[in-house]
Amino acid sequence: MGLFSNKYNTPFDNEDMRRVRHVGKPRATHIKAAGYMTTRSALFLGYTLISLCLIYSVGKVAFWWPIACSAVVLLLWSVTLRFFMRPKLSALAFILVALLFAAASEASYMMGWCNAASGALFIPMSIGIMSLSRFKADDEDEFSAAFFTDEVFKPYVLAVAASAFGFFASGLFEKRYIFTTFLAATAFLILFSWGLSRVSGTPRLFTSRSLTEFWDIPVADFQEIRRFVFARSAFAILMIVIAALLFALWVLVGGSYARMISVPAAALVQTVISVSVLSFSRGGIRRSIFGLRYFVSETAIGAQFLAVFFLSRQEQIPSFFSIAVAVILAILADTMLTALLSVIRRRQIFVTKSRYIDGLPFYLILTSLICMIVETCLYSLTGL
């Protein structure tokens, strides 16, 4: 019995290490299960953080305004659509929330609290709210409405705190870049998660368990490459359609009216076309993470990226060169990000990584990398 009286490694370990004792006593962080967020709350946290960081980084805006505007819209959604919006109608929730943000941004712009592009920059948060309507809570068989405290309020407070930290941290440099704001905000999430885990004695991770797992990665076959090419081609065609729509609006309607309807029009047309593509596509393409699974979210961000080019030039219509560059950048950024995720997620199966960086923080770091590349192109090209 003496062999089992002390704590040794398992018999499957190296023979030289088999009788080496464990150093120290197991702590609560080794025994207690880690506290994960639900998938929909983690996505809401990430998209809200992206929106707030973009608003703070693009143009002049009152510091309190993004927080106040997002809080009001989120409260309106929480007491109305949250209770009866079903998963199949989540795209409708996205349109309604985008309209609320566009109306609030237009009224605030008239009062001098924000810039003309603020309505478009709130689209990622609208996608996050759509995620709260679309995804069921982890490990639940039936869909339930998002719980306000754990899945709405706490992620929102985290996003506000992280984006505020990113805003002030990026101000320390010579010029405020979007990717530095993202990196600083992500670092805040990682450090706060680590500190909270040390204090509470239980790992508190700002991600969902499913975002850290890789069981849903499809087999690397030619069929997945075809799905990837099809989805990226559909994205490229939709970006061309949205650019033509925005150009027609600014030519036919004029600057003032086009400014008010650009964001809602782009969101509506993009959602209708995206949902139509999903409805008439095969099940394998719709469910594949390299196909159309997140097509609505991708096209929503791409469409509003194009809208920002028009909203930032109210006095004159952007040149064809600027519009073409914007479309190309949107297509390349989408292709690079999806391809990067497809490669890195496979490689992560075979590496060890910190639990505080895994999942949502890791995806935010990749997003900041893509933003850095896009910003470099924008600042390097003349006429943009």
Side-chain angles (χ1 to χ4, degrees), residues 51 54-55 58-61 69 73 91-127 129-130 233-278 295-334 374 377-378 381 383-384:
S51 273
L54 285 173
I55 293 174
V58 178
K60 296 181 179 180
V61 60
C69 181
V73 174
L92 181 59
F94 164 73
I95 294 177
L96 294 177
V97 173
L99 290 175
L100 287 176
F101 275 124
S105 300
E106 177 62 24
S108 301
Y109 173 76
M110 300 297 293
M111 303 183 70
W113 293 340
C114 64
N115 55 61
S118 297
L121 300 179
F122 266 124
I123 290 299
M125 184 174 178
S126 302
I127 299 173
I129 295 176
M130 180 183 69
S233 301
F235 180 88
I237 295 173
L238 184 53
M239 290 302 100
I240 296 174
V241 172
I242 295 297
L245 169 69
L246 293 173
F247 182 78
L249 281 177
W250 286 77
V251 171
L252 300 176
V253 179
S256 299
Y257 293 104
R259 185 193 68 240
M260 292 186 288
I261 63 177
S262 290
V263 174
L268 180 61
V269 172
Q270 162 267 320
T271 304
V272 171
I273 297 179
S274 300
V275 173
S276 300
V277 172
L278 290 173
F295 192 64
V296 176
S297 301
E298 296 173 20
T299 54
I301 296 178
Q304 299 308 320
F305 172 74
L306 299 179
V308 171
F309 271 78
F310 289 86
L311 293 171
S312 60
R313 295 172 172 83
Q314 298 184 54
E315 302 300 331
Q316 57 182 359
I317 302 175
S319 63
F320 283 104
F321 173 76
S322 299
I323 298 174
V325 170
V327 172
I328 293 174
L329 286 178
I331 296 172
L332 291 180
D334 174 73
V374 173
C377 296
L378 291 176
L381 294 174
L384 295 181

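What you are looking at is a predicted structure, and each value in this text was computed from that prediction instead of being measured.
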**Request:** Indicate the ring-plane relationship of Phe122 and Phe101, choosing parallel, tilted or perpendicular according to the 30° and 60° boundaries.
**Result:** parallel
**N/O donor-acceptor pair under 3.5 Å between Asn115 side chain and Val58 backbone** = yes
**Item:** Reported CD1-to-CD distance for the pair Ile301 and Gln270, which is rounded to 0.5 angstrom
**Value:** 9.5 Å
**Fill in**
To the nearest 0.5 Å, atom CD of Gln304 lies from atom CG of Leu121 at 9.0 Å
**Prompt:** What distance separates Ser322 OG from Leu306 CG, expressed to the nearest 0.5 Å?
**Reply:** 12.0 Å
**Prompt:** Taking all non-hydrogen atoms of both residues, which atom of Val61 and which atom of Ile55 are closest, and how far apart?
**Reply:** CG1-O, 3.5 Å
**Message:** For Ile323 versus Pro318, what's the shortest heavy-atom pair and its separation?
**Reply:** CD1-O, 3.8 Å
**Asked** Is the backbone of Ala258 close enough, under 3.5 Å, to the side chain of Ser262 for a donor and an acceptor to pair up by distance?
**Response** yes
**Prompt:** Between Leu311 and Val263, is a side chain to side chain contact (heavy atoms under 4.5 Å, CB included) present by the stated rule, with each step listed?
**Reply:** CA-CA 9 Å; Leu311 293 171; Val263 174; 3.9 Å; yes
**Request:** Enter the distance from Ile237:CD1 to Thr299:OG1 here, rounded to the nearest 0.5 Å.
**Result:** 13.0 Å
**Request:** Quick one: pull up CD1 in Ile273 and CG in Leu278 and give me the separation to the nearest 0.5 Å.
**Result:** 12.0 Å
**Request:** For Phe235 and Glu298, work out which heavy atoms get closest and say how close.
**Result:** CE1-O, 3.4 Å
**Prompt:** Distance from Phe94 atom CZ to Thr271 atom OG1, nearest 0.5 Å?
**Reply:** 4.5 Å
**Asked** Does the ring center of Phe247 lie less than 6.0 Å from the ring center of Phe320?
**Response** yes
**Request:** Indicate yes or no for a side-chain donor-acceptor contact from Ser105 to the backbone of Ala102 under 3.5 Å, with no hydrogens or angles considered.
**Result:** no
**Message:** Any heavy-atom pair between the side chains of Ile123 and Ser51 that's under 4.5 Å?
**Reply:** no
**Phe309 vs Leu246 side-chain heavy atoms within contact, under 4.5 Å** = no
**Request:** Tell me, with the steps shown, if Glu106 and Arg259 meet side chain to side chain contact (heavy atoms under 4.5 Å, CB included).
**Result:** CA-CA 8 Å; Glu106 177 62 24; Arg259 185 193 68 240; 2.5 Å; yes
**Prompt:** Are side-chain heavy atoms of Met130 and Val97 found at a separation under 4.5 Å?
**Reply:** no
